[in-house]
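Worksheet: the structure to be examined is printed underneath.
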Amino acid sequence: MNNLSFSELCCLFCCPPCPGKIASKLAFLPPDPTYMLICDDSGSCWTLHLLERADWQYSSREKDAIECFMTRTSKGNRIACMFVRCSLNAKYTLLFSHGNAVDLGQMSSFYIGLGSRINCNIFSYDYSGYGASSGKPTEKNLYADIDAAWVALRTR
């Protein structure tokens with residue numbers, strides 16, 4: 001159960017400290033990262049390196065359509081963002097908040113397929129504590145992550 005020790009289980013059910021901590025331990029299940037973001041010398045350009053567990057299904061041409069960058073949240077965490085240009089004539093961009101227990105590396109092939117099918121670009125991000133993002137996965141950080149992703153999408 002999310003690697004909880006016996007004493008943590010006792011505290012969880014016998015004398016819970018606060019609901020937010022309980023929710024964070026039980027609700028957020030970040031996987032081992034399936035990608036890395038490598039920054040160039042200028043500090044402004046990020047390169048996506050998918051690890052074997054990412055299960056990439058496309059060629060390097062499709063991978064070149066993916067732009068990655070980092071943005072900072074109001075809580076001070078840096079979150080990884082991914083913009084997938086699926087179509088040159090796309091009128092819309094979908095802000096996609098992926099599900100629990102996955103990261104951007106695992107979702108990247110899905111984004112290419114989805115965007116191509118519905119003729120739109122995809123913008124997604126990793127929550128704090130997921131993938132290349134810093135911080136801890138908590139409910140408060142989640143809200144800050146969503147706000148930061150929205151601002152990053154609108155200002156890029």
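Quick note: residue numbers are just sequence positions, from 1.
Between the side chains of S97 and Y125, at least one donor N or O sits under 3.5 Å from an acceptor N or O. Of the N and O atoms on the side chains of D145 and T73, not one donor lies less than 3.5 Å from an acceptor on the other residue.
Remark: D126 pairs with Y35, H98 by the side chain to side chain donor-acceptor pair (under 3.5 Å) rule, at least two apart or across chains.
Of all non-hydrogen atoms in G131 and P33, the two that sit nearest each other are O-CG, 3.8 Å. Taking both residues in full, the closest heavy atoms of A80 and L104 are given as O-CD1, 3.7 Å, listed atom of the first, atom of the second, then distance. When all heavy atoms are compared, the tightest approach of G135 to N77 is CA-OD1, 3.3 Å.
Side chain of T138 to main chain of N141: a donor-acceptor pair is present (N/O by atom type, distance under 3.5 Å, no hydrogens or angles). Although no hydrogens or angles enter the test, the distance criterion places a donor-acceptor pair under 3.5 Å between the side chain of R53 and the main chain of D32.
Taking CH2 of W46 as the reference point, atom SG of C81 lies at 11.0 Å (rounded to 0.5 Å). Rounding to the nearest 0.5 angstrom, the gap separating the OG atom in S124 from the CE atom in M107 is 7.0 Å. In this structure, L50 CG and T34 OG1 are separated by 7.0 Å, a value rounded to the nearest 0.5 Å.
Residues Y127 and M36 do not share a hydrophobic cluster, clusters being chains of Ile/Leu/Val/Met/Phe/Trp/Tyr side chains in contact below 4.5 Å. By the criterion of side-chain heavy atoms lying less than 4.5 angstrom apart, applied directly or through intervening Ile, Leu, Val, Met, Phe, Trp or Tyr residues, I38 is not grouped with L48; the two fall into different hydrophobic clusters. Under a hydrophobic clustering in which Ile, Leu, Val, Met, Phe, Trp and Tyr are joined whenever their side-chain heavy atoms come within less than 4.5 Å, directly or via other members, L51 and I112 fall into different clusters.
Geometric assessment of R156 against the ring of F83 yields a negative cation-pi assignment under the 6.0 Å and 45° thresholds.
Between Y111 and F96, the ring planes lie perpendicular to each other; the angle is over 60°, past the 30° to 60° tilted range.
Across Q57, R61, E62, a single residue satisfies side-chain hydrogen bond (donor to acceptor under 3.5 Å, both in side chains) together with S59, and that is E62.
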(message) Is there a side-chain hydrogen bond (donor to acceptor under 3.5 Å, both in side chains) between N100 and Y130? Walk through the geometry before answering.
(response) CA-CA 9 Å; N100 198 1; Y130 284 66; 2.5 Å; yes
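Annotation: N89, atom CG; neighbour count of heavy atoms from other residues, nucleotides and ligands within 6.0 Å is above 12. More than 12 non-hydrogen atoms from other residues, nucleotides or ligands lie less than 6.0 angstrom from OH of Y58.
Using a 4.5 Å heavy-atom threshold, the side chains of K91 and C120 count as separate. When side chains are defined from C-beta on, S128 does not count as touching P137, because their heavy atoms never get closer than 4.5 Å.
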